[in-house]
Amino acid sequence: INSTEVAAEPGETILPVALRNGIKIPHLCWDPRLEPYGACRMCLVEIEGMPDPVPSCTTEGREGMIVRTDTEQLREIRKTIVELILYDHPRDCLTCAKAGTCDLQDLAYDLGIEDFTPEEHDLPVIVEDVGNAVIYRDPAKCILCGKCVRICREVQMVGVLDFADRGYDTQVIPAQGGLSWDTDCELCGQCVDACPTGALMVQKAMHKGREKDYVK
Ligand code: FES
């Protein structure tokens, strides 16, 4: 990878091998706790002999494979993907509680994107069941990486979150009754932990500062 010889375990995909060897590949939907998903396309890499870039999170490493992770073409593709996500994102990064720990914001800065003119939230912020309030949801900040849905299903083995609708209208929705003590939700917080943006946050912490300053 990038002229450095690395070793992969049988069946291992390129992304974890790169990260283990200190080679950075941007990613939004990959999580070492989860099955590879291949949704965000941020982790595209070039492989010698292949006509188009491929997602490194779902492509297995092979003997003798030559991989490039940081080329002009890849940066252009990643920049376009992040710009498209931001086009439909509130962009209130300067006042968002997730600022400083937001993977999307970090990627935007890395790629030289500087337009953070705030947009109206086109979906209402959802304060779950005020009496038992634990998890705060801002669907407008969801980038549909599916990490919350998958961690609830694959790690916590509960599955109270799911996708609803299709195409532009796709949303992550919780089970009936929301993420509260009164549902099957175990309030383990794994979905909040996995969320790369400010779409899922701990409700008690909202409006008390930025996550980077109070979570140690
Ligand atoms: Fe590979 Fe999202 S991290 S497609």
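Each ligand, and each atom within it, is numbered from 1 in the order the structure gives. As the structure is a prediction and not an experimental result, all values here were calculated from the model. Just so it is clear, the values below take in all heavy atoms, side chains as well, and ignore hydrogens, waters and symmetry mates.
Under a 4.0 Å N-O distance rule, the pair Glu154/Arg33 does not qualify as a salt bridge. Salt bridge Glu12/Arg20: present, at least one basic N to carboxylate O contact under 4.0 Å.
Around atom 1 (Fe) of ligand 1, the protein atoms of type N, O or S found under 2.8 Å away are Cys43 SG, Cys57 SG, listed by chain and number.
A donor-acceptor pair is defined here as one N or O able to donate and one able to accept, closer than 3.5 Å; such a pair exists between the side chain of Thr101 and the backbone of Lys98. With Lys141 contributing its side chain and Cys96 its backbone, the two residues share no donor-acceptor pair below 3.5 Å.
Cys57 is not listed as a side-chain neighbour of His27, based on a closest heavy-atom distance of 4.5 Å or more.
Of the candidates Asp70, Asp106, Asp110, Asp110 is the only one forming a salt bridge (charged side-chain N to carboxylate O under 4.0 Å, His left out) with Lys24.
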